[in-house]
Structures are given as C-alpha cells and as structure tokens.
Amino acid sequence: MAAERYNHREVEPQWQKFWTESRSFEANEDVSRPKYYVLEMFPYPSGRIHMGHVRNYTMGDVIARFRRACGYNVLHPMGWDAFGMPAENAAIERGIHPKSWTYENIAAMRKQLKSMGLAIDWSREFATCDPSYYRHEQAMFIDFMDADLVERRVSLVNWDPVDQTVLANEQVIDGKGWRSGAAVEKRELAQWFLKITAYGDELLSALDGLEKWPEKVRLMQKNWIGRSEGLRFTFDLEDAAGKKRDQGLTVYTTRHDTIFGASFCAVSADHPLAKEIAESNEDVAAFRKEVAALGTSEETIERAEKRGCALGVFACHPFNPNVKLPVYAANFVLMGYGEGAIFGCPAHDQRDWDFATKYNLPILPVVAPRGIASRVIGDAPYLEKDSDDCVLVNSQFLDGMNVEQAKAEVARRMKDSGRGEIRVNFRLRDWGVSRQRYWGCPIPVVHCKDCGIVPVPKSQLPVELPDDVKFDKPGNPLLHHPTWKHVNCPKCNEPAERETDTFDTFIDSSWYYARFASPHASIPVDQDASKYWLPVDQYIGGVEHAILHLLYSRFYARAMVKTGHLQVKEPFESLFTQGMVIHETFRTKAGEWVLPSDAVTKDGAWVHGTSGEPLELGGVEKMSKSKKNVVDPDTIIASYGADTARWFMLSDTPPERDIQWTEAGAEGSWRFTQKIWRLINDIVAIPAHPVSMDEQGLALRRISHRTVAAVTDDLNNLRFNRAIARIYELANAIGQSLQTANKSFALNGALHEAGSFLVLLMAPMMPHLAEESWKLLGQQSAVVDTRWPLVDAGLVAVDEVTIAVQINGKRRDELTVAKGQDRSAVEAAALGLASITRLLEGKAIKKVIVVPDRIINIVCEG
RNA sequence: GCGGGCGUGGCGUAAUGGUAGCCGCAACGGACUUAAAAUCCGUUGGGAGUAAUCCCGUGCCGGUUCGAGUCCGGCCGCCCGCACCA
C-alpha cells in the first residue's frame, strides 16, 4: 500500500522524451478531421522565461491537449519574436553580437519551455530574425508596394541628436532621450508607411464580427481607430490690409452647426501657413521654435498651457462677409489630425474657451436650451449637442434648428458653393515602419539617383543583414558599414545605395501565425496549408497587445489578402487576454526593495531574515527585477515539477484576472500531485471488478460522470479554475470511497472507473503525472493518444432534486422530490412540512410560486 | 475629460434572477507517531441561545421582482485603456 512518492525529477524528462520520440505533437493536414489551431503570442527571446510565459503557455497547452483528446487535429506551434532593440543594447553594453545574443537566448528559453512539457510541434519553430523568414517579409513588402499599400513620405519624428536615432514617443521622457538624456528634437525624415488608414472603415466595421473577442479589446480598437464624421471646408484668407491671399485655409470640424459662433481660426505650428509666415515674421518663427522644443509626446502637449501667436492674416466668414476671423498658430492644434487647422467657437468648446479667454476674443453663444432665447454665457462653455432640447440662436438662417438640422444645412450650403464637403476622419495614423536600427529586417529597396526608389528584385532576396558590424559609435551600424549599402541599381546598374532603415518589429509579428501553417514553404504562405489551418481558432496573450499588435495583424492580413498571400481577413477567430502574474513585495523603511524570500515574520511583524531590519509590505505587484519580487520558473520546476507549476497557474484565479504567486499555493498544488499518486496507487491495489450498480458504486459513478461533464464544459469555455475545483471534488470523493473499498464489488469497479477519469481529466493540466498514473493503472497506450472520457447521460441526469421552500422570499426549509414533479404535488408536499405549517399558522396564503426543480415560494401576509 | 471593468469570509474565489460562500489557501482542534514531517478526520462569515432554532450579512442609498451578489438608477472606492482628435 505504501507507495513511493511521485518523483517528478525522474518522471517528467522521461515522458518529454517519449512525446518527442513518438512525434506526438507534429501536425499534418488531414481533411478527414476537424482542425484546431491554438496559438499563444510568441515570446521575445530576452534570455529566460518568466512566470507570465508559464501562465500563457500553460493555458494554451491545456487547450491544445484537451482539443486533441476530443478528436481535433491540433496545431500548436512556437517561435521567436527575435528582432528588436534589447539585442542591440546588449551589443552596445556588453560587446556581444546581436545575432549570437539572440540565438543563445533562444536556445536557453527553448530548453526551459521544453521542461514545461508543452504539447508543441517543434518541427515548425522559427525565429523572425532567420533570413528564411524575413526574406518572405521582404517579398511581401515589394508586393505591397505594387498594390499601392506603401508610401514613402516625410514625417516628423523624435530625434535624439546624441544617439543619432529616432525615438518612439515612449522613449522620450520629459523631453529627453531615455538613453542619452539629450534634449529630443523634432525632425523631418523620409519614412516608409503602410497605408493602414485606407482600411480604417473596414477594420472598424469588421470588429462587430469578432464575436469571440473580449468586448474590452474591441472597444479599445474602436477608440483607437477613432472614426468621426465632420465637414472639411475652406476659408478665404486676407492680409491685414484686406488683400485676398491666393491660398485659403482648409479646416476640419465636427461642429459646423456652430459656424456663426466662430471667433478665430487656429493652425498647428507645423502648418504650411505658419511656416510660410514664419519666414518673414520673427514672432511666429520664435513661437514655432518654442513649440518644437516641447517634442511630440502627447503628454507634454497636454500639460502645456494653451497659447498662440497671431499670424497677421484673417479668415473671411463664409456666410458673413463682414466678419474677419484672426488666424493664430496655436500649440493645441495637432498637424496630424484633420487638416491641422480649425475654427474656434469658444462658447461651445472647452479648448476654444480657454484660448479665447486668454486672448480676449469674442464669445458668442449659438446653441441654447430650447425656450431660453437670450441665453447668457457664464464662466464655462455650453457643451450640449446630442439633445433635441437645444436650438441654434444668433445664427441667421440656422436659428431655431436643432444641431443635426443645422449641421445638414451648413454642409448643404458649403457643398453647393464648392467650399467644402462632409468627410470622414480617423484618429488612426498610417503605420510608420522605418527604424534606424541594425537588428531588424532590412527594407528591400535601393535608392538610385537616376531611377529613384527601386525595389530589390525578388530573385535577389533576402537582403541579408551583414554580420560584421560595429556598435562603437552612435547611429545605425548599417549606415556606417563600409560596403553593405553600396550596390548597383537593379534597374540601370549604376552605383546606388541600399535603404539602411529596417522594419518595425511589429511587421514581423503581424504574419507569423500564417507562416506557422507552412513554415518551410518557398513562398510566404502555402495556400493549401493556410486554407486548412487558418484562421487561428484560439489566440492567447496579454491585454497589453490589445491595440498595436492585434490591429496591425488585422490590417496585415487584409494586405496579404489583397496581394494574394492569404484568404482570411481576420487572423484570430477567438481571442483570450490573460492576466498578469503578481507577487508580494517587501521593502525597508528606507524604501529599498527586498527579496520576498528574505522576509520573515517575527512577533507578528515582517523583518529581514538575516539583518533583522523591520520591513513593510510594498503591495502585490507585477513581477519585476527592480522590485525584487521575481520568481524564477526554473527554480519552481526543479523543486516542485512542471505539473505543479502548471496546476498552480490554472487554480483558484480566473484566467483573465491577475494571479498572485504564493509559496503556500505552490505547496498546495504540489501536495495535490502527491495525493493523486497515492489515490491511483490505492486504486491499483484493489481488484478491478466490472462496473455494476449498487448504491455505493452508483453514487461514485454519478460523481465521476458528472465531473467529466462539468470539466468538459469548463474547458470548452476556458474556465480552468472551475475545472480544477471540480477535479478536487472528484479526488475527494475517491478518497472517501477508498475507505470502504473492498466491501462492495460495484464500488471497486466504480473506483477504477473514477481513477481513470481523474487521470484523463487532469491530463491537459498535469500531463506527466497523468501519463505515469495511466501506466500505473495498467493502460497500454499513452494518455496523449487516448480519447476524452465519454459520459453516460443516464448517470449525469439528475432524478431527484432538493428544492428550497421559502416563505416571503426567505428560506425556511427544503424538500427533496423527484425531478420533474408537477407543481401541485410539490406545493402540497411543501405545505405539508411541519416547519412550514407551524410558520404559516394563522396566516392567509396569498399565492404560491413554484419553479419546477428549483424553488417554491409561499407568499403570505405578515 | 471620455470610455470600460471590478467591489462577496482572514485570503484567492464559487453561485442559468431561485437554498450566498463550491474548491483551494490559511488557522484551530483531534487521530497516527518516542518525536517531527507526511497523511487522515473535524471545525472555521457575524450575532443570540444549553439546544432545536432564530436574526443579520455580497461597498453605500434607492428601485424593479414572489424572490436581487446577479437587473435598473444614483453615490463611494479601486483598477485599466484613450486623451488638446477640432
């Protein structure tokens, strides 16, 4: 009886070897079976996996193994999002080549992932920095150019003058480069763009079809795309002397109903008009410089006070020739949105109000609540517009209309006069994909002084990164390389230069899921393979990718469809965003973070284990090196085993929520693995009688079959924590039954059945322990090749129900009746209960609510 | 400012509008043991009572309903996303 302890250190590697040697998880197209493609967001090869990876890949693995057991042909691949800045930083800081740094990290992390026992088809593995991957990215970019999906244009960027590189907005901190600390400048650079805005409407409307995406993510994308319908129109411009200028001023507005309340116009400091005037006007030039110094970070713009600088020109009101609106350059107008120019209506817009107040401009109300004709504007703008209860005032032909009517009338007149038209605008910007970096996919074009921009012929792809690069000076090593960029023009064969920018790494991750369908194909995506495997049935990853990665991927799929590389427009049928792994933090009174393992309790207070210094709780935070609350998966897998780590990650907390790592919880999971091992050993020790029915055996069989039904339902809906609670219940029931084993043949049979169900149900979560237990139960085949247990509907069905008996909504007693018992019989039984008759004594029953098989509520007076 | 989410025992959590707290952690009591570990059994929302039982209880206030943790309205608190978007 006394079984040896389950030894994960021996067992886990053995089964991992078995799965590898049996090629258990290698997927092949098989039209006779339904396919299921489960994918977790692939990792960046930072060097070591962290607990977040463990959680993410465990969830995907449970789905993969569960679906496989249910008969699906499962594709579950893994790869590496391997380009990016950390590799270059390692090169700069430690003199390691980005390539060797990356591939060494991949090797280390692959080993760690394999120790988790994941059901992954490793034969499909690739890294985005493999030339065999990025050559196809380059080929598709050339196809995108041909399909008019690409544009090269000058754009404003954050430029770090010390590192000589472009910085992303999040790398600009308080106007300074995050690495160099140098004041960041705004600079105009020619950049490559993918025309994602051309798909703005479609990316927005198709969100409605993504029914298996979290509502939250769809909303975030919707807001990000930011569609608005407004009016674009042009003012005539005059100089101070009243002389008409050649060029008018085109503005965009969603409040054209308020045109008669306009008291000024404002343009961005980067607007062509501001630039032109700055050439002859020192004040404007100084203002432009000042605004530029602030950088493009949204945050800095927001904090700044609303300020402007008069340009000395005036806009003529389109319906009121006598009204001339002064035009300003203003710091709150963004060049990137609409036309980079607005008209200001201070009475009905907060920003315009602030601006008009500062510069003493007129504030004329033009929208007022219905019935209040002479409304006086107080000390704030009146922002109502969605209600029918307000009307236009002080607005000539618009007076008395509601907002919608006025908008329509203004738009009609503007259109008739050729001055403007209704226009849809997006907050979404085109996707700038140029990066002045080495460790990325080279952009496959050549700049020729005669032919202009010439794509590299596909026969010459890939354009490979040179290995012999130096990181000894700032800027892009590709630019400094002595020979790499010098090539002959593919068109005229004269000396020309390669593009030295590389792609944004979000391009790499925008199509990797499709490459997994045919990772060795000589074209980007094999059509038969992608037709079979795509779309991804279940995609899992962190919510931090809700916008950029997921939106880019949706756009990229459409671009691939347009260029004939793909058939599906939506890559991810179902999306799940899992929560983070968090852990307690500790710090000293001085505020220094302390390892949780160094914190001990002494007399009810936390102190440092060795120094005895008092500590305080720093809160439960996302694991991070700086807060010293990281738990290393290697350590956990070595001491408890992969199965325990996986089990913990799925237990207790719903998968979309943050899960707190605790030592006690991990030990609890570990104890449960040992408990299962004991239970299976105990079951093996009793005779395996065939299942038959007596009262005890039947009771256990009901629990077993109901557990299978419940766990199946939970796993189908990714409710891992509930599935685990049900499995605990089954294990507890088996433990109970074992105490009376050998007294009943039927119970012995039921125990063997329950044991095999227990093993199969836990197998997706704890695959090694499941295989070892399965073998112990005397099974010939492996769990991985065994079908999910079938339930006996008769055992799942309930034939008796216990229903609550309420009086006036308060539970007073309960009643066990046959399922489906008719109302009158239930009512009679309830009214016959001694406790109920006592409570009802002397009271008149008003009515009795009977919900069959659920509840009975007796409503009486008093 | 705009949009979204969440508030349930000591803790993580569970509950198609139908008996609130399944399951786990922690704690306490007991069995086994020379002892410990491990394991097994039991108790554990608050209050009253010897007990049977009864009362209260899902952030706060109100509403809908025979019945509300769940639906609706208004607050309070926490979290997340976007943000001078015209």
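Bear in mind that the values here come from a model prediction, so they are computed numbers and not experimental data. Note on naming: letters A, B, ... go to the chains in the order of the sequence lines (proteins, then strands), and numbering restarts at 1 for each one.
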_A:Arg429: side chain to side chain contact (heavy atoms under 4.5 Å, CB included) partners, not counting sequence neighbours_ = A:Tyr337

*Got a sec, which residues hit side chain to side chain contact (heavy atoms under 4.5 Å, CB included) with A:Asp208, two or more places apart in sequence or on another chain?*
none

_Charged N-O contact under 4.0 Å between A:Arg227 and A:Glu229_ = yes

*Under-4.0 Å salt bridge between A:Glu841 and A:Arg838*: no

*Looking only at N and O atoms, is any donor in the side chain of A:Lys847 or the base of B:C66 less than 3.5 Å from an acceptor on the other one?*
no

*Listed by chain and number, what are the salt bridge (Lys or Arg N to Asp or Glu O under 4.0 Å) partners of A:Glu800, not counting sequence neighbours?*
none

_Going by salt bridge (Lys or Arg N to Asp or Glu O under 4.0 Å), name the residues that satisfy it together with A:Lys622, two or more places apart in sequence or in a different chain._
none

_Syn-anti status, with the boundary at 90° from 0, for the nucleotide B:G9_ = syn

Can you name the residues that form a ring-ring contact (aromatic ring centres under 6.0 Å, His included) with [X], not counting sequence neighbours?
X	result
A:Phe235	A:Phe233
A:Tyr252	none
A:His271	none

_Within the 4.0 Å limit for protein heavy atoms, which parts of nucleotides 14-24 of chain B are touched? Write it as a string from 5' to 3', B for base, S for sugar-phosphate only, - for none._
SSB-BB--BSS

[M] and [N], which share atom name [atom1], separated by this distance in whole Å:
N	M	atom1	result
B:G10	B:G81	C1'	33 Å
B:A14	B:G24	C1'	11 Å
B:U50	B:G59	C1'	38 Å

Please report, to 0.1 Å, the donor-acceptor pairs under 3.5 Å made by any side chain of residues 809-818 of chain A, with sequence neighbours excluded.
unit_1   : atom_1 : unit_2   : atom_2 : d
A:Arg811 : NH2    : A:Glu814 : OE1    : 3.3
A:Asp813 : OD2    : A:Ser835 : OG     : 2.4
A:Thr816 : OG1    : A:Thr802 : OG1    : 3.1

*Sequence neighbours left out, what passes side chain to side chain donor-acceptor pair (under 3.5 Å) with A:Thr662? Give chain and number order.*
none

Taking only the side-chain nitrogens and oxygens of [X], find out if one of them lies under 4.0 Å from OP1 or OP2 of [N].
X	N	result
A:Lys810	B:A68	no
A:Arg427	B:A83	yes
A:Arg218	B:G4	no

*So what's the dot-bracket for RNA chain B: Watson-Crick or G-U pairs under 3.5 Å, [ ] if a pair crosses, | if it pairs off-strand?*
(((((((..(((.....[....)))((((((.......))))))((((....))))..(((((..]....))))))))))))....

*Can you tell me the distance, in whole Å, between the NE2 atom of A:His348 and the C1' atom of B:C84?*
19 Å

*asked:* Counting the atoms with a prime plus P, OP1 and OP2 as sugar-phosphate, which does A:Val333 contact under 4.0 Å by heavy atoms, base, sugar-phosphate, or nothing?
replied: base

*Pick base, sugar-phosphate or nothing for A:Lys222, based on heavy-atom distances below 4.0 Å to the nucleic acid.*
nothing

Protein-nucleotides 41-44 of chain B N/O pairs closer than 3.5 Å?
unit_1 : atom_1 : unit_2   : atom_2 : d
B:C41  : OP1    : A:Gln736 : NE2    : 3.3

